[in-house]
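Treat the numbers as computed from the prediction; the structure is a model and nothing was measured.
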Amino acid sequence: MPSLLDAGRAGGALLLAPGVYAPQSDTYLLQDALAREDLPHGAEVLDVGTGSGALALAAARRGARVTAVDRSRRAVLTARLRAVLAGQRIRVLRGDLLEPAAGSRFDLIVCNPPYVPSPHRLPPRRGAAVAWDAGPDGRAVLDRVCDGAAGLLRPSGVLLLVHSALSGVEPTIERLERAGLTASVVRRASVPFGPVLRSRTEWLERRGLIAPGQREEELVIVRAHRP
C-alpha cells in the first residue's frame, strides 16, 4: 500500500489520511469566495477546521501568512504534509476550533465547519461524522464560530463562512451581528444531496427541514467584516 507521501506525489493526487474530510462542493464554493477577496501579500489568514488543508494552501499561494487549525490529528498531518509537498509555509495547529489561535489577530478567517443536522443530540466525538454532524439543528459548531470569530479579527478583518441553508441562514447573520460584525450572504449555490443527507431524508422531512421529495440543498457563503 502506498504511503501518504507517495499518494501526495503521485500525479498531483490529493493527499488525504483516512477519515480526513475530502474537498467537496462547500470547499470549492468557499475557495472561490476566498479568491475574490482582496488579500494583500503577507496578510494573516486563519483556516478553521482545515481538514485537507485546501483553503490554507489557496491562501498561502497568494502570499498570505497562514495558520490552520483542526482537532483531528490526521487532518493536521495531512495539512502539514500537503504544505511541504506544495512548497508552502503553513502553521498547522491541533485544537478545538478557534482556541489554538486565541490571542492572535487575523485579516481573514475562513471556516467550513460541521453543519449537517443530525438525529443525534450531541455532535460525535470521533469518527468520520465529526467533519459534518452538528446536532439536531446543525448549529452546534456554527454558533461557536459566530460568537468567537470577531475577537480574532483585526479592524476591517473578514470572516468567510460556508454552510447549508438547512442550518438556518438568518440565525448566522443575527449571531454575527450581535458579535459586532456586519454580515451578509454573498453567494448561494444549490447542490444535490450527498450520501449523508440522502441517508436521513425521512428524518429531515419529519423535522420540517426539507420539503417532501426535496433532494437538493442550498449552500451559502456568509461574509462578515469587523468595522
Any V116 side-chain heavy atom under 4.5 Å of S164 side chain: no
Stepwise side-chain contact (heavy atoms from CB on, under 4.5 Å) test for L97 and V69: CA-CA 7 Å; L97 289 179; V69 174; over 6 Å; no
Over 12 foreign heavy atoms within 6.0 Å of CZ, R62: yes
Atom CZ of R73 with >12 non-hydrogen neighbours under 6.0 angstrom: no
Please round to the nearest 0.5 Å and tell me the distance separating atom [atom1] of [X] and atom [atom2] of [Y].
{"X": "L153", "Y": "S104", "atom1": "CG", "atom2": "OG", "value": "12.0 Å"}
{"X": "Y21", "Y": "T27", "atom1": "OH", "atom2": "OG1", "value": "5.0 Å"}
{"X": "C146", "Y": "L176", "atom1": "SG", "atom2": "CG", "value": "4.0 Å"}
{"X": "L55", "Y": "Y28", "atom1": "CG", "atom2": "OH", "value": "10.5 Å"}
{"X": "W132", "Y": "S118", "atom1": "CH2", "atom2": "OG", "value": "11.0 Å"}
{"X": "R206", "Y": "T201", "atom1": "CZ", "atom2": "OG1", "value": "9.5 Å"}

Side-chain ([X]) to main-chain ([Y]) donor-acceptor, under 3.5 angstrom:
{"X": "R223", "Y": "A183", "answer": "no"}
{"X": "R74", "Y": "V20", "answer": "no"}
{"X": "D107", "Y": "A43", "answer": "no"}
{"X": "S199", "Y": "V196", "answer": "yes"}
{"X": "R207", "Y": "P117", "answer": "no"}
{"X": "R105", "Y": "G151", "answer": "yes"}
{"X": "Q214", "Y": "E216", "answer": "yes"}
{"X": "R198", "Y": "F193", "answer": "yes"}

Partner of D47 by side chain to side chain contact (heavy atoms under 4.5 Å, CB included), out of I90, L57, V92, V110: V110
Steps toward side-chain contact (heavy atoms from CB on, under 4.5 Å) verdict (H163, L219): CA-CA 6 Å; H163 69 83; L219 299 178; over 6 Å; no
Please give me the minimum heavy-atom distance between [X] and [Y], naming the atom from each residue.
{"X": "V45", "Y": "A59", "result": "CG1-CB, 4.0 Å"}
{"X": "P136", "Y": "H120", "result": "CD-O, 3.4 Å"}
{"X": "L46", "Y": "A101", "result": "CD2-CB, 3.9 Å"}
{"X": "P113", "Y": "V162", "result": "CD-O, 3.3 Å"}
{"X": "A60", "Y": "V66", "result": "N-CG2, 3.6 Å"}
{"X": "P114", "Y": "V130", "result": "CG-O, 3.3 Å"}

If hydrophobic clusters are built from ILVMFWY residues whose side chains come within less than 4.5 Å, do [X] and [Y] share one?
{"X": "L77", "Y": "V84", "answer": "no"}
{"X": "L81", "Y": "V76", "answer": "no"}
{"X": "L108", "Y": "V186", "answer": "yes"}
{"X": "L161", "Y": "L39", "answer": "yes"}

Residues D96, R144; criterion salt bridge (Lys or Arg N to Asp or Glu O under 4.0 Å); working and verdict: CA-CA 11 Å; D96 188 33; R144 293 175 58 199; 2.5 Å; yes
Can [X] and [Y] be counted as having a side-chain donor-acceptor contact under 3.5 angstrom?
{"X": "D133", "Y": "Y115", "answer": "no"}
{"X": "H225", "Y": "S156", "answer": "no"}
{"X": "R139", "Y": "T172", "answer": "yes"}
{"X": "T67", "Y": "R91", "answer": "yes"}
{"X": "S190", "Y": "E218", "answer": "no"}

Salt bridge D70-R94, side-chain N to carboxylate O under 4.0 Å: no
Pair I109-V158, side-chain contact (heavy atoms from CB on, under 4.5 Å): steps then yes or no: CA-CA 6 Å; I109 299 174; V158 170; over 6 Å; no
Under the rule for salt bridge (Lys or Arg N to Asp or Glu O under 4.0 Å), what residues qualify as partners of [X], not counting sequence neighbours?
{"X": "R187", "answer": "D32"}
{"X": "R61", "answer": "none"}
{"X": "R215", "answer": "E205"}

